[in-house]
Amino acid sequence: MPEHPSGPFDAVVAGGGLIGLATAWRAARRGLRTAVVAPSAEPAAASGVAAGMLTPATEAVFGEEGLMRLGAASRDRYPSFVAEVEADAGAPAGYRARGTLQIAFDTDDLARLADLGELQSRLGLKAERITSRECRRLEPMLAPHVRGGVHAPDDHSVDPRRLAAALRRAATARGTVFVADRAAEVLCAGGAVRGLRTASGAELAADRVVLAAGAWTADIGGLPEGVLPPLRPVKGQLLRLRTPAGEEPVVTRTVRGLVKGAPVYLVPRDDGEIVLGATQEERGRDTRLTAGGVYELLRDAHELVPGVSELEIAEACVGLRPGSPDNGPLLGPLGPPAPAGLHLAAGHHRHGVLLTPATADAMAAALLGEALPEEALPFAAARFAPGARADGPGRGAGAPGGHDGRDREES
Ligand code: GLY
């Protein structure tokens with residue numbers, strides 16, 4: 001482990017969310033000396049807010065098949081990933097293998113779930129259609145009028161805050177150095193990366209730099225104009241609800257619902273917390289918690305699980321998901337004209353938690369000069385290098401606009 005935080009390091013990672021932490025940890029496990037530059041020990045932006053659904057089957061969307069394949073591969077990596085993190089950290093990572101129930105509020109919602117069945121089976125994702133009665137057998141506190149649903153036994157969840165804390169400990173145990181500062185500027189010379197300068201002026205030497213700062217990634221300076229693909233913030237508002245002591249939780253597994261076309265989800269934790277999310281709003285860097293956003297979440301959740309109204313509100317959160325031009329992640333080296341050694345691990349949009357293990361594997365491979373794993377290839381960051389961008393975004397990766405909604409303009 002280097003004695004001085006200025007390095008030199010093999011790789012410096014800008015960003016201390018799940019993606020940055022997992023990248024630094026995995027690369028350290030593979031023998032690289034890594035540093036993470038992040039202003040706070042608490043994951044901010046998206047990782048500290050996310051609900052932690054690992055649900056490629058129940059989040060499958062037409063037009064995002066490549067993304068769902070990567071998501072399924074990452075979901076299937078979770079048990080071994082968590083075991084390795086926990087072994088290094090000596091602390092639990094908050095993984096919960098209880099499956100997911102997707103339910104429909106009305107017949108249109110049910111028809112929409114049925115349409116997705118074809119896609120789920122084409123992608124080989126386990127998702128069994130079940131009746132309203134069977135839904136209530138799995139989750140007795142569902143409203144009696146729900147129309148039916150889909151049971152995805154392999155779609156699980158993780159607590160992103162616990163996972164981030166465990167990853168930080170695991171990375172520290174593997175020699176990763178943490179620098180509590182904001183990444184300000186990539187240092188370059190002779191067409192190659194030489195390190196990273198922080199906001200307070202510290203310089204960390206490295207010939208590989210990974211930009212993993214979520215929706216703020218493209219703010220990091222020092223690079224020629226236009227080299228970084230644009231990342232747009234996608235606001236999400238959500239609530240953390242507390243089950244009163246001695247009472248049964250209103251749901252025991254992740255419940256994703258469609259209520260008149262609008263998605264809502266409830267993700268339970270072992271300690272009785274229920275995360276209720278989330279809005280999806282394209283409003284720049286607005287992080288205001290709004291009455292309208294919270295009202296719609298509670299209204300729709302109450303339609304599906306009336307007992308939600310009895311829970312205590314423990315916390316209301318707003319996060320910014322980092323959306324790439326085609327909604328797929330940007331992984332690995334950018335390639336010319338970007339300086340050699342510049343890597344991205346960004347743009348994970350709605351799927352940062354799900355894609356954490358696959359991203360860590362892909363980034364460690366890229367940092368060691370290996371090819372990306374096959375399922376990650378469509379998400380090579382180089383697809384948005386200025387030369388490759390001429391024919392427009394979305395080539396074969398996530399495909400733009402493919403998400404399940406709750407978009408709205410607030411007045
Ligand atoms: N993956 C859930 C969300 O972004 O709201």
Side-chain angles (χ1 to χ4, degrees), residues 2 4-39 45 171 174-231 322 324 329-348 359-370 372 376 379-382 384-386:
H4 192 273
S6 64
F9 299 98
D10 295 316
V12 174
V13 179
L18 288 178
I19 295 297
L21 291 170
T23 295
W25 166 73
R26 177 62 74 198
R29 273 184 76 106
R30 294 202 57 192
L32 299 186
R33 285 171 306 144
T34 61
V36 172
V37 178
R174 290 278 169 178
T176 298
V177 170
F178 284 85
V179 179
D181 205 344
R182 188 173 57 77
E185 199 182 321
V186 180
L187 301 169
C188 305
V193 155
R194 298 287 173 234
L196 191 77
R197 181 178 290 126
T198 71
S200 60
E203 292 190 0
L204 307 176
D207 60 7
R208 282 149 281 180
V209 168
V210 180
L211 304 185
W216 285 267
T217 297
D219 288 2
I220 298 171
L223 298 167
E225 184 84 17
V227 156
L228 292 180
L231 288 168
S324 74
L330 304 158
L331 306 176
L334 257 173
L342 182 68
H343 293 251
L344 287 184
H348 292 70
T359 298
D361 290 345
M363 293 308 300
L367 290 169
L368 284 155
E370 300 166 5
L372 295 181
F379 303 99
F384 287 112

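Both backbone and side-chain heavy atoms feed into the values below; hydrogens, waters and symmetry mates do not.
Residues V186 and V193 meet the side-chain proximity criterion, which asks for heavy atoms closer than 4.5 Å. Contact annotation: the side chain of T34 never approaches that of V12 to less than 4.5 Å [non-hydrogen atoms, C-beta and beyond]. You'll find the side chain of L21 reaches within 4.5 Å of the side chain of F178, heavy atoms only. Between L204 and D181 there is no side-chain heavy-atom pair separated by less than 4.5 Å. In this structure, P322 and T217 have side chains that are not in contact, with every pair of non-hydrogen atoms separated by 4.5 Å or more. Using a 4.5 Å cut-off on side-chain heavy atoms (C-beta onward), H343 and R208 make contact.
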Could you pull out all donor-acceptor pairs under 3.5 Å where a side-chain atom in residues 333-342 meets a protein atom, sequence neighbours excluded?
none

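For D219, the side chain to side chain contact (heavy atoms under 4.5 Å, CB included) criterion is met by W216, R285, not counting sequence neighbours.
One distance of note links CD1 of I220 with CZ of R182; it measures 8.5 Å at 0.5 Å rounding. Rounding to the nearest 0.5 Å places OG1 of T23 at 11.5 Å from CG of L32. Here H348 contributes atom NE2 and L18 contributes atom CG; the two are 10.0 Å apart, rounded to the nearest 0.5 Å. We find the CG-CG distance between L223 and L211 to be 6.5 Å, quoted to the nearest 0.5 Å. In this structure, the separation between CG on L187 and CZ on R197 is 5.0 Å, given to the nearest 0.5 Å. We find the CD-CD distance between E203 and E185 to be 8.5 Å, quoted to the nearest 0.5 Å.
Taking each heavy atom of A366 and G332 in turn, the nearest pair found is CB-CA, 4.0 Å. A pairwise comparison of heavy atoms in P229 and A218 identifies O-CB, 4.2 Å as the closest pair. Across G31 and D10, no two heavy atoms sit closer than the pair O-OD2, 4.2 Å. Heavy-atom minimum distance, A24 versus V36: CB-CG2, 3.4 Å. Taking both residues in full, the closest heavy atoms of A212 and G20 are given as CB-CA, 4.0 Å, listed atom of the first, atom of the second, then distance. Closest non-hydrogen pair, L331 versus A362, comes out as CD1-CB, 4.3 Å.
With hydrogens and angles ignored, the 3.5 Å screen pairs a side-chain donor or acceptor of R33 with a backbone N or O of P8.
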